[in-house]
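These notes are about the structure you will find just below.
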Amino acid sequence: MKSPAISVVTVRFALPPTLIVWGKNDTIFPAEGVYAYQRDLKDVEFHLLDTGHFALEEEGDAIANYITQFLTSRLQPISA
């Protein structure tokens, strides 16, 4: 299965660090789809939550923490 939202150009040439938080019970975008992202992206952090399609509504605090940790660990301070 190919990554549905990532173009070949993006995958091959612009590989930014990527955070993926996915609901394992999502029936609209099944969890199997995330494994293509893991294969195609070099720097990916992945969390599979026990949620459905509306993961932010079900686990908003946990997702906010993942985002904060991800950005904190990957952003470099800007030197003046």
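Put simply, CG on D50 and CD on E58 are 8.5 Å apart, with the number rounded to the nearest 0.5 Å. With rounding to the nearest 0.5 Å, the separation of CG in L48 from CG in D26 is 10.0 Å. From I63, atom CD1 reaches atom CG of L19 across 9.0 Å, with rounding to the nearest 0.5 Å.
Taking the six-membered ring for Trp and thresholds of 30 and 60 degrees, H47 and Y66 have nearly parallel ring planes, at less than 30 degrees apart.
Across every non-hydrogen atom of F70 and S73, the tightest pair is O-OG, 3.0 Å.
The one candidate from D43, L71, V44 that meets the side-chain contact (heavy atoms from CB on, under 4.5 Å) condition with P17 is D43.
When atom types are taken as modelled, the side chain of T27 and the backbone of N25 share no donor-acceptor pair closer than 3.5 angstrom. Remark: the backbone N or O of G33 is not paired with any side-chain donor or acceptor of W22 at under 3.5 angstrom.
Looking only at side-chain heavy atoms (C-beta outward), V34 and F46 come within less than 4.5 Å of each other.
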**Message:** Walk me through whether Q38 and I20 qualify under side chain to side chain contact (heavy atoms under 4.5 Å, CB included).
**Reply:** CA-CA 9 Å; Q38 286 184 299; I20 298 174; 5.6 Å; no
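Partners of D61 by salt bridge (charged side-chain N to carboxylate O under 4.0 Å, His left out), not counting sequence neighbours: none found.
Put simply, L49 and F54 are part of two different groups of oily side chains (I, L, V, M, F, W, Y) that touch within less than 4.5 Å, one to the next.
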